[in-house]
Peer 1: 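To start, I am sharing the structure in question, which I have written as structure tokens.
Lettering follows sequence order; numbering is per chain, from 1.
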Amino acid sequence: DIQMTQSPSPLSASVGDRVTITCQASQDIRNYLNWYQQKPGQAPKLLIYDVSNLETGVPSRFSGSGSGTHFSLTISSLQPEDIATYYCQQYDNFPVTFGGGTKVEIK
Amino acid sequence: DVQLVESGGTLVQPGGSVKLSCAASGVTLSVYSLNWVRQAPGKGLEWVAHINTGGNVIHYADSVKGRFTISRANDKNSVYLQMNSLKDDDTAVYYCSVPTIFGRRGYWGQGTSVTVSS
């Protein structure tokens with residue numbers, strides 16, 4: 001199985017800060033990497049698909065990058081509404097696997 | 001608007017069975033592969049099962065293999081998860097989803113809660 005390791009968790013930052021969450025895969029997953037945002041009591045919401053493609057309606061302060069085994073999600077200027085838990089997910093192979101999640105908090 | 005609506009979540013005793021349903025509106029499920037994903041209380045997301053469009057290619061997480069069965073009824077625009085021999089660890093919110101793959105966006109339901117407890 002492909003292990004997805006996210007860091008840091010939690011992540012504490014101030015409004016306006018640039019924050020980066022990293023996700024490392026245990027093997028090459030090509031570009032089959034999605035990022036989700038989840039707020040308490042809600043279903044996950046797609047932010048980024050296939051490493052770097054911004055989902056329609058997602059603010060442009062979110063961006064994704066990476067390749068192979070190392071990936072990152074960046075929020076260029078953290079906003080109060082970005083408080084949530086973020087998950088990476090690979091779909092290169094079954095079983096589909098998620099990272100353990102990064103909880104983003106306001107300092 | 002696309003909606004996936006899960007149902008069937010309940011409180012069940014260890015060893016019991018539950019069947020979850022997921023009905024879609026605003027989208028024709030027959031053209032999509034489908035997943036079930038779960039989330040235990042306070043924990044992360046765990047993929048559970050996958051079924052392809054034809055229903056003939058199915059994958060399960062090791063944690064549920066042999067106990068859970070995913071199926072679909074394209075004429076009812078629905079997908080199901082039959083859960084047998086339930087354990088405490090199966091307690092979770094269960095989401096059905098059309099996976100986001102190969103540049104095609106997917107969809108998630110709002111989840112249905114299964115609690116396994118005596």
Peer 1: For chain A, find which of B:Pro99, B:Gly111, B:Gly44, B:Ser97 contributes the most heavy-atom pairs closer than 4.5 angstrom.
Peer 2: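 Top count of heavy-atom pairs under 4.5 Å with chain A: B:Gly44.
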Peer 1: What part of A:Pro44 lies closer than 4.5 angstrom to a heavy atom of chain B: side chain, backbone, both or neither?
Peer 2: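 Both backbone and side chain.
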Peer 1: Please report the shortest heavy-atom distance between B:Lys43 and A:Tyr87, naming the atom on each side.
Peer 2: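 That would be O-OH, 3.8 Å.
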Peer 1: Scan side-chain atoms only and decide if A:Gln42 and B:Gln110 contain a donor-acceptor pair under the 3.5 Å cut-off.
Peer 2: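 No, no side-chain donor-acceptor pair sits under 3.5 Å.
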Peer 1: For atom CD of B:Gln82, is the number of surrounding heavy atoms from other residues, nucleotides or ligands below 6.0 Å larger than 12?
Peer 2: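 It does: B:Gln82 CD has more than 12 such atoms within range.
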Peer 1: Can you say whether A:Asn53 sits under 4.5 Å from chain B via the side chain, the backbone, both, or neither, judging by heavy atoms?
Peer 2: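 Neither part.
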Peer 1: Determine whether B:Trp36 and A:Tyr91 fall in the same hydrophobic cluster, where Ile, Leu, Val, Met, Phe, Trp and Tyr are linked whenever their side-chain heavy atoms lie under 4.5 Å apart.
Peer 2: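 No, because B:Trp36 and A:Tyr91 fall into different hydrophobic clusters, even though each may have its own neighbours under 4.5 Å.
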Peer 1: With a 4.5 angstrom heavy-atom cut-off, which part of B:Val48 approaches chain A: side chain, backbone, both or neither?
Peer 2: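 Nothing of B:Val48, per the 4.5 Å heavy-atom cut-off to chain A.
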Peer 1: Are B:Val98 and B:Tyr80 connected into the same hydrophobic cluster when the rule is that any two of I, L, V, M, F, W, Y join if their side-chain heavy atoms are below 4.5 Å apart?
Peer 2: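 No; B:Val98 is not reachable from B:Tyr80 via cluster members.
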Peer 1: Tell me whether the count of non-hydrogen atoms from other residues, nucleotides or ligands lying under 6.0 Å of CG in A:Asp17 goes above 12.
Peer 2: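 Counting neighbours around CG of A:Asp17, more than 12 heavy atoms of other residues, nucleotides or ligands fall under 6.0 Å, so yes.
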Peer 1: Determine yes or no for a side-chain-to-main-chain donor-acceptor pair under 3.5 angstrom, with A:Asn34 supplying the side chain and B:Thr100 the backbone.
Peer 2: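 Pair found, side chain donor or acceptor close to backbone of B:Thr100.
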Peer 1: Enumerate the side chain to side chain donor-acceptor pair (under 3.5 Å) contacts for residues 9-32 of chain B, please, sequence neighbours excluded, ordered by first and then second residue.
Peer 2: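 Pairs touching residues 9-32 of chain B that pass the test: B:Ser17-B:Asn84.
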Peer 1: At their closest point, which heavy atom of B:Gly109 faces which heavy atom of A:Ala43, and how far apart are they?
Peer 2: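 Residues B:Gly109 and A:Ala43, closest heavy atoms: O-CB, 3.2 Å.
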Peer 1: So, do A:Tyr32 and B:Phe102 have ring centers that fall under 6.0 Å from each other?
Peer 2: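 Ring-ring flag for A:Tyr32/B:Phe102: true, centres closer than 6.0 Å.
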Peer 1: Is the closest side-chain heavy-atom distance between B:Val37 and A:Phe98 below 4.5 Å?
Peer 2: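 Side-chain contact under 4.5 Å: yes.
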Peer 1: To the nearest 0.5 angstrom, please state how far the CH2 atom of B:Trp47 sits from the CZ atom of A:Phe94.
Peer 2: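 If we round to the nearest 0.5 Å, B:Trp47:CH2 and A:Phe94:CZ are 6.0 Å apart.
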Peer 1: Do the side chains of A:Thr56 and B:Arg105 get nearer than 4.5 Å, heavy atoms only?
Peer 2: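 Not touching, per the 4.5 Å side-chain cut-off.
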Peer 1: Between CG of A:Asp1 and CG of B:Asp62, what distance do you get to the nearest 0.5 Å?
Peer 2: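 A:Asp1 CG to B:Asp62 CG: 6.0 Å, rounded to 0.5 Å.
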Peer 1: Please test A:Val96 against B:His59 for side-chain contact (heavy atoms from CB on, under 4.5 Å), starting from the C-alpha separation and ending with a verdict.
Peer 2: CA-CA 10 Å; A:Val96 170; B:His59 298 276; over 6 Å; no
Peer 1: Do A:Tyr36 and B:Trp108 have side chains that get closer than 4.5 Å, going by heavy atoms?
Peer 2: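 Heavy-atom side-chain distance check passes, below 4.5 Å.
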Peer 1: Under a 4.5 Å side-chain heavy-atom rule over Ile, Leu, Val, Met, Phe, Trp and Tyr, are A:Trp35 and B:Leu45 clustered together?
Peer 2: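 A:Trp35 does not cluster with B:Leu45.
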Peer 1: Same cluster for A:Ile29 and B:Ile101 if Ile/Leu/Val/Met/Phe/Trp/Tyr side chains link at under 4.5 Å?
Peer 2: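 Shared cluster, no.
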Peer 1: Hey, any chance B:Val79 and B:Tyr94 share a hydrophobic cluster, counting ILVMFWY side chains that come within less than 4.5 Å of each other, even indirectly?
Peer 2: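 Same hydrophobic cluster.
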Peer 1: Tell me, out of A:Lys45, A:Glu55, A:Gln89, who's got the most heavy-atom pairs with chain B below 4.5 Å.
Peer 2: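 Counting heavy-atom pairs under 4.5 Å, the top option is A:Glu55.
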